Amino acid sequence: MTTRKTASGRMLTEADLDAIAEEVESSDYDIAALRKRRRGRPAMGSGPAEVVPVRIDPELRAAVAARAETDGTTTSEIIREALRRFLEQAEQAQHA
């Protein structure tokens, strides 16, 4: 008997695999669309995102984390938005 392990660690038996194969064969799955699906994180902007390490003091880190929790978002999104706003204001001030 053949067994396979899923990404989550669940063991699939030969009977499970047969049932999955039968479901796929009897359904209207768009195989081309399924193959196009990308794995991993969604794209950001015009290309792959880069990690930029930045050192911040504990008080600023706590303030960012508190704001993220209040807004129901992530610390990364708070930092990206703050950087965007800063750059927009700097651009406006330069052209004023």
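Keep in mind the model is a prediction, meaning the values are calculated, not measured. We number each residue from 1, following the sequence as shown.
T6 meets the side chain to side chain donor-acceptor pair (under 3.5 Å) test with S8; sequence neighbours excluded. For R61, there are no side chain to side chain donor-acceptor pair (under 3.5 Å) partners, not counting sequence neighbours. Annotation: side chain to side chain donor-acceptor pair (under 3.5 Å) contacts of E25 (sequence neighbours excluded): none.
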From CA spacing to verdict: side chain to side chain contact (heavy atoms under 4.5 Å, CB included), R67, D71: CA-CA 6 Å; R67 179 60 186 258; D71 290 359; 2.8 Å; yes
Full working for side chain to side chain contact (heavy atoms under 4.5 Å, CB included) between I78 and T74: CA-CA 6 Å; I78 295 294; T74 65; over 6 Å; no
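Checking side-chain atoms of S26 against main-chain N and O of E23 turns up a donor-acceptor pair under 3.5 Å. With hydrogens and angles ignored, the 3.5 Å screen pairs no side-chain donor or acceptor of D18 with any backbone N or O of A15.
When the side chains of ILVMFWY residues are joined at heavy-atom separations under 4.5 Å, either directly or via intervening members, I79 and F86 end up in two distinct hydrophobic clusters. Under the 4.5 Å side-chain heavy-atom criterion for ILVMFWY residues, a single connected hydrophobic cluster contains both I56 and V52.
Across every non-hydrogen atom of A68 and T75, the tightest pair is CB-N, 3.7 Å.
Contact check on E81 versus R84 returns a salt bridge, with a Lys/Arg side-chain nitrogen under 4.0 Å from an Asp/Glu carboxylate oxygen.
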